[in-house]
Student: 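Here it is, the structure in full.
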Number of protein chains: 2
Amino acid sequence: MIDKLEYLLALSRERHFGRAAEACGVTQPTLSAGLKQLEATLGALLVQRGSRFVGLTPEGVRVLDWARRIVSDTRAMRQEIVALKRGLTGHLRIAAIPTALGMVSTLTTPFRTRHPDVTFKISSCTSIAILAQLENLEIDAGITYLDNEPVGRVRQIPLYYERYQLLTTPDSPLGDRAEVTWAEVASVPLCLLTPDMQNRRIIDRLLRAAGTEPAPTLESNSMILLFSHVRTGRWSSIMPAKLAQTLGLTNTVRAIPIVGPDTAHAVGLVVPSREPMTSLTAALVAEARRAANELADSPDERENLRALQ
Amino acid sequence: MIDKLEYLLALSRERHFGRAAEACGVTQPTLSAGLKQLEATLGALLVQRGSRFVGLTPEGVRVLDWARRIVSDTRAMRQEIVALKRGLTGHLRIAAIPTALGMVSTLTTPFRTRHPDVTFKISSCTSIAILAQLENLEIDAGITYLDNEPVGRVRQIPLYYERYQLLTTPDSPLGDRAEVTWAEVASVPLCLLTPDMQNRRIIDRLLRAAGTEPAPTLESNSMILLFSHVRTGRWSSIMPAKLAQTLGLTNTVRAIPIVGPDTAHAVGLVVPSREPMTSLTAALVAEARRAANELADSPDERENLRALQ
DNA sequence: GCGCTCGATAGAGGTTTTCAATCGAGAGAT
DNA sequence: ATCTCTCGATTGAAAACCTCTATCGAGCGC
């Protein structure tokens, strides 16, 4: 039964019988038969039949919802029993927004010291995708903005507030400043993330609040690419302080704090709000709580973050 | 997998392989093998082995906890899909404390009018047993005192406050009174419930609060038996008003309100606090909310009850 | 030590599951 | 219109699994 529910999860994710079967490690006829059997035992069509995959029926959508619960509980149970025997083992799949990638190591490094048998897979994607993947059990945790429209039921552990810095070369127009305003930032040629990234949308909002229209002359979805363009001296960019810190300041690149309307966006760990949590998830949450104390720029900020939980 | 989890549930309930197997509708070797397979897939012993059933291992207890979740979610899923097709159908198992049996019909009657395809099984048992059975998925809902030590996670819907009346014959010492005090009640020969019933323990407390020691000359676990003894004219008894109302006042039996310290005990519906609820449970909760309005003795009381949720 | 209860084990029989191979319907291209 | 390609359903054989009856063996009480 549970394996059949996994078939349904895979199908709704892949939207293709063959790929779903492959993802489950069975052949396509097996998956087809499994779903047909699930439909028989529940007494309702779950998959809209056609020459190709069309979608799930309303009943299918409801079953999908239950399947997520049941499958994730089953996995959590398995994991907990393994953890009871051999200590914390297993695999944590984490997705993070690109601007948070730099600080992931402050989470993973102490975690591995504490639990050496846990392996990680960390992927970079948009805040929207993180919530979608959490919902579909494709990742175990995400690191993203906490002021998102709540898409699914998630538990959030605040980590730090994102503050922005202008990345530029010392010999460019603003290169010698100790701090700059958002209005000033808009006056230099900028390279920024693409607008599908929430970070870019936040920066756009901040620039508009300063009365200017964002007009980057180069867009990319890779922070590394932006950074390398800044190094040429022909572009400047805007980056969260935590990330600029990680990339390291060479003698050709300066990071200048941007002052002005301080609409700080909190970044934190998000995990499925299932009670009780997976033992791995629980350990990660504990680690995040510890990391939050280290990452906070001031005791004040620490207090504010704690209030967000 | 799920059927194996059901085996574990049955075993922990019956504490006997043969009876557990019977409860699951399989033979004892099948249940034994199923549990052994569950142990193999989880990689841990779940049942303490001995010549007879000893108990579950710590791992077994943890798995049992998950099994309850997974099995109940699976049942809820099945039910919801059936409900989507054929409207609300199925079976509701309710347990109630004896003193609440009289008012169950104010819940079930309108429920059946609304959902004619739902059948009921209503059993009478102690408040402790109700919570235990709820925990073990043996009943779907209970009707009991709401001031219990919370044994499991339950959601409670208040129905009414229990108030006590003296049941007696018109020609007995207190038979002509409009109301009596707890101290007066203690002066007549009483027949009461046995002390394993919470109702009796409450009455004992009330009698002691009035400075008297409860000394019933007859005890039983059946309200009907108590009532029939009252009718002989040789005993009086103490009953919740709601129940006295249901049993009906013949011309040989009077119900006299007992005044004094008003430590009202709220009675209500309790259901497993699983999110989302079974469709049947959700419908029952809705019915209980409606019934609470009807049962309340005053608007004041209605307000107090609402606050308990 | 005898008998009884309980749970484990063995082996047969039947069902279910799985897979490779193939079919057939529909979409898109020519 | 027809060809072709993709996708999901179907088929049939082999393997795996599950469930049963029958029986065993350990421990408990007498």
Side-chain angles (χ1 to χ4, degrees), chain A residues 1-61 63-64 67 70-71 74 77-78, chain B residues 1-61 63-64 67 70-71 74-75 77-78 136:
Chain A
M1 174 102 216
I2 291 172
D3 46 346
K4 314 298 162 58
L5 292 177
E6 301 231 31
Y7 293 172
L8 191 70
L9 283 179
L11 182 61
S12 100
R13 183 173 64 236
E14 307 284 349
R15 304 186 64 79
H16 185 285
F17 278 65
R19 281 198 299 277
E22 196 185 6
C24 295
V26 296
T27 59
Q28 172 263 315
T30 302
L31 184 120
S32 274
L35 288 173
K36 194 150 267 183
Q37 194 201 318
L38 190 63
E39 290 181 329
T41 59
L42 292 176
L45 279 181
L46 304 178
V47 181
Q48 277 180 41
R49 303 310 169 111
S51 72
R52 18 202 87 203
F53 179 80
V54 187
L56 299 183
T57 63
E59 287 87 356
V61 174
V63 172
L64 184 66
I70 295 168
V71 167
T74 308
M77 173 178 72
R78 288 199 138 87
Chain B
M1 174 103 218
I2 291 172
D3 46 348
K4 314 297 161 58
L5 293 176
E6 301 231 31
Y7 293 171
L8 190 70
L9 284 181
L11 182 61
S12 99
R13 183 173 64 237
E14 307 286 348
R15 304 186 63 79
H16 186 284
F17 277 66
R19 282 198 298 277
E22 196 185 7
C24 294
V26 296
T27 59
Q28 172 263 315
T30 302
L31 185 119
S32 273
L35 288 173
K36 194 149 268 186
Q37 194 199 317
L38 190 63
E39 290 180 329
T41 60
L42 292 177
L45 281 182
L46 303 177
V47 182
Q48 276 180 42
R49 302 311 168 110
S51 73
R52 12 204 92 201
F53 179 80
V54 187
L56 299 183
T57 63
E59 287 87 357
V61 174
V63 172
L64 183 67
I70 294 168
V71 167
T74 308
R75 289 186 193 167
M77 174 177 73
R78 288 201 139 86
N136 281 311

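What you see is a predicted model, and the numbers here were worked out from it, not measured in a lab. These values consider heavy atoms only, across backbone and side chains, with no hydrogens, waters or symmetry-generated copies.
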Student: How many whole angstroms separate atom CD of E39(B) from atom C1' of dA8(C)?
Tutor: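 Checked: the CD to C1' distance equals 12 Å.
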
Student: Quickly work out the D3(A) CG to dA16(D) P distance and round it to whole Å.
Tutor: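 From D3(A) CG to dA16(D) P: 17 Å.
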
Student: Residues two or more places apart in sequence or in another chain: which of them pass side-chain contact (heavy atoms from CB on, under 4.5 Å) with Q48(B)?
Tutor: V54(B), T57(B)

Student: Could you work out, with side-chain contact (heavy atoms from CB on, under 4.5 Å) as the rule, every residue matching A44(A), not counting sequence neighbours?
Tutor: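 Listed in chain order: E59(A), I81(B), K85(B).
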
Student: Can you list every side chain to side chain donor-acceptor pair (under 3.5 Å) pair that touches residues 7-16 of chain A, not counting sequence neighbours?
Tutor: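 Passing the test, one end in residues 7-16 of chain A: no pairs.
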
Student: Could you tell me which residues satisfy side chain to side chain donor-acceptor pair (under 3.5 Å) with N136(B), sequence neighbours excluded, listed by chain and number?
Tutor: R68(B)

Student: For T41(A), what residues pass the side chain to side chain donor-acceptor pair (under 3.5 Å) criterion, not counting sequence neighbours?
Tutor: none

Student: Residues two or more places apart in sequence or in another chain: which of them pass side chain to side chain donor-acceptor pair (under 3.5 Å) with T74(A)?
Tutor: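 Side chain to side chain donor-acceptor pair (under 3.5 Å) list for T74(A), sorted by chain: empty.
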
Student: Starting from C1' on dG7(C), measure out to CG on L35(B) and report it in whole angstrom.
Tutor: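 Atom CG in L35(B) sits about 11 Å away from atom C1' in dG7(C).
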
Student: Report, one pair per line, the protein and nucleotides 12-16 of chain C atoms (nitrogen or oxygen only) whose separation is under 3.5 Å.
Tutor:
none

Student: Can you measure from CD1 (I70(B)) to CE (M1(B)) and round to the nearest 0.5 angstrom?
Tutor: 6.5 Å

Student: What residues form a side chain to side chain donor-acceptor pair (under 3.5 Å) with Q37(A), not counting sequence neighbours?
Tutor: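 Applying side chain to side chain donor-acceptor pair (under 3.5 Å) to Q37(A) gives K4(A).
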
Student: Can you check whether T30(A) has a side-chain N or O nearer than 4.0 Å to OP1 or OP2 of dT17(C)?
Tutor: no

Student: Can you list everything that forms a salt bridge (charged side-chain N to carboxylate O under 4.0 Å, His left out) with R75(B)? Sequence neighbours excluded, please.
Tutor: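 Counting only residues at least two positions away or on another chain, R75(B) forms a salt bridge (charged side-chain N to carboxylate O under 4.0 Å, His left out) with E6(B).
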
Student: Counting heavy atoms from C-beta on, name the nucleotide in dA20(C), dC20(D), dT18(C) closest to the side chain of T27(A).
Tutor: dA20(C)

Student: Dump every N/O contact between nucleotides 7-14 of chain D and the protein below 3.5 Å, one line per pair.
Tutor:
residue, atom, partner, partner atom, Å
dC7(D), OP1, H16(A), NE2, 3.4
dC7(D), O5', H16(A), NE2, 3.4
dG8(D), OP1, F53(A), N, 2.8
dG8(D), OP2, F17(A), N, 3.0
dA9(D), OP1, R49(A), NH1, 2.4
dA9(D), OP2, S32(A), OG, 2.5
dA9(D), N7, Q28(A), NE2, 2.9
dA9(D), N6, Q28(A), OE1, 3.1
dT10(D), OP2, K36(A), NZ, 2.9

Student: Restricting to side-chain contact (heavy atoms from CB on, under 4.5 Å), what partner residues turn up for E39(B), sequence neighbours left out?
Tutor: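 If we apply the side-chain contact (heavy atoms from CB on, under 4.5 Å) test to E39(B), skipping adjacent residues, the hits are L45(B), L46(B), V47(B), R49(B).
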
Student: Mind checking the CG-CG spacing from D3(A) to L9(A)? Nearest 0.5 Å is all I need.
Tutor: 11.5 Å

Student: Quick check on the helix from dG1(C)-dC30(D) to dT30(C)-dA1(D): what's the angle between its two end axes, five base pairs per end, to the nearest 10°?
Tutor: 20°

Student: Quick one: L38(B) CG to dC17(D) P, roughly how many Å, whole number?
Tutor: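 Value for this atom pair: 16 Å.
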
